[in-house]
Amino acid sequence: MRAFLLLLILAPGLLTPHSAAAQRVRTPAHGTAERRAILDAARALVRERLQPAGPVEFNVRSLGVLNDWALLTVEPRAPIGALLPEFEATCQCDCEIVTLLQRRSGRWTVVGDHFDPCDAAVYDWPSTHGAPGALFAHSIGGVWEAYVRASEGDDPWLALRSEPSVSRGTRLARIPDGTRVEASFCQSDEVEVEGRRGHWCYVHYQGRGGWAFDAFLDRAE
């Protein structure tokens, strides 16, 4: 699951980049009402899906909250500490559960989930849920570096966009050709932009996060 998470995609509904505070991901402290509410919502899903014979406890691997969104990765366990038998019988990878939650009318609701994600099963979460990219970047933690290789011209540059699209969202910045940037993850779907095929990746440039097309990026060695 940890290696898988390094490739997780991010959803297109990014927060306004001009507000640094708005993009600050936090982890609710143990014992807080917010943390309990998030875990209880995920626990209700586990009970419904697995129908365990006994109580369900969580070993929380990661939890990030950004405004009305939360990304949670847990190991479901029995009170004795062992992995929940109903889950262990079917899991084949790292035996973790990933849930994406949204706060709606004051209540946390699971809007996306995957039990034991050892493949690209959650790669479509960006287009289907619209969660903020900064939330996933915080939870994933891994980045790779690349150089911009923009189109030819007198002033070549690569657009940093608010959404993974040339038609939706807004352009946040122009990244000059040759600039070194950091990327956190890329979408799995291959698309065509300006005659090149590639993937939209979540990129960090001058303290700002947004989407750039990787056909115009060369991964740094």
Side-chain angles (χ1 to χ4, degrees), residues 1-15 19 21-142 184-185:
M1 173 62 187
R2 283 167 289 282
F4 160 77
L5 277 178
L6 293 176
L7 300 175
L8 246 175
I9 60 163
L10 221 358
L14 302 179
L15 296 172
S19 174
Q23 294 199 35
R24 188 175 298 124
V25 180
R26 57 189 176 80
T27 298
H30 290 274
T32 60
E34 182 180 42
R35 186 182 180 98
R36 287 196 300 269
I38 293 171
L39 295 181
D40 285 347
R43 189 175 288 110
L45 173 69
V46 172
R47 290 194 182 109
E48 177 184 357
R49 190 76 55 80
L50 299 178
Q51 299 185 355
V56 177
E57 296 184 357
F58 284 156
N59 175 29
V60 178
R61 303 306 301 266
S62 66
L63 171 58
V65 174
L66 181 53
N67 289 359
D68 289 327
W69 292 90
L71 184 65
L72 173 68
T73 301
V74 299
E75 293 175 334
R77 295 188 174 275
I80 58 173
L83 200 64
L84 200 66
E86 293 83 357
F87 183 57
E88 186 176 22
T90 59
C91 71
Q92 299 178 351
C93 296
D94 289 319
C95 295
E96 295 175 338
I97 297 174
V98 181
T99 53
L100 177 66
L101 303 95
Q102 187 177 21
R103 184 161 40 200
R104 299 172 176 174
S105 301
R107 296 176 59 88
W108 286 101
T109 302
V110 176
V111 296
D113 69 86
H114 199 285
F115 284 48
D116 194 34
C118 51
D119 52 23
V122 300
Y123 279 5
D124 292 332
W125 280 7
S127 57
T128 54
H129 302 301
L135 176 64
F136 288 79
H138 169 271
S139 298
I140 295 167
S184 300
F185 35 70

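For the pair I97/T73, no side-chain contact is recorded, criterion being any heavy-atom separation below 4.5 Å from C-beta on. Residues V74 and N59 have side chains not in contact (no heavy-atom distance under 4.5 Å, counting atoms from C-beta outward). For the pair W69 and L100, the minimum side-chain heavy-atom distance is below 4.5 Å. In this structure, the side chains of L63 and L71 stay at 4.5 Å or more apart for every pair of heavy atoms. Two residues are said to be in side-chain contact when any heavy atoms from C-beta on lie closer than 4.5 Å; L83 and C91 meet this criterion. Contact check for F115 versus T99: no side-chain heavy atoms found under the 4.5 Å cut-off. Side-chain contact between Q102 and V110 is absent, with no heavy-atom pair separated by less than 4.5 Å.
Listed for the D116 side chain is a donor-acceptor partner under 3.5 Å among the backbone atoms of Q92. Judged purely by atom type and a 3.5 angstrom limit, R103 uses its side chain to pair as donor or acceptor with the backbone of N67. Between the side chain of E75 and the backbone N or O of C95 there is no donor-acceptor pair closer than 3.5 Å. Put simply, the side chain of R104 never gets that close to the backbone of T109: no donor and acceptor are under 3.5 Å apart.
A distance of 5.0 Å separates CZ in R61 from CD in E96, rounded to the nearest 0.5 Å. In this structure, CZ on F58 lies 12.0 Å from CD1 on I38, to the nearest 0.5 angstrom.
Here the shortest heavy-atom pairing between F87 and P76 reads CD2-CG, 3.3 Å. The two atoms that bring V25 and G64 nearest to each other are CG1-CA, 3.9 Å, heavy atoms only. Closest approach of E34 to P28, counting heavy atoms only: OE1-CG, 3.5 Å. Across all non-hydrogen atoms, the minimal contact from P79 to P55 is CD-O, 3.6 Å.
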Pair T27-R35, side chain to side chain contact (heavy atoms under 4.5 Å, CB included): steps then yes or no: CA-CA 8 Å; T27 298; R35 186 182 180 98; 3.9 Å; yes
Verdict with reasoning, W108 to V65, per side chain to side chain contact (heavy atoms under 4.5 Å, CB included): CA-CA 11 Å; W108 286 101; V65 174; 4.2 Å; yes
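The existence of a salt bridge linking R49 and D113 is confirmed by a sub-4.0 Å separation between a basic side-chain nitrogen and an acidic carboxylate oxygen. Salt bridge status for R43 with E48: absent, with no side-chain N to carboxylate O gap under 4.0 Å. Ion pairing of R77 with E88 is absent here, as no side-chain N (NZ or NE/NH1/NH2) approaches a carboxylate O to less than 4.0 Å.
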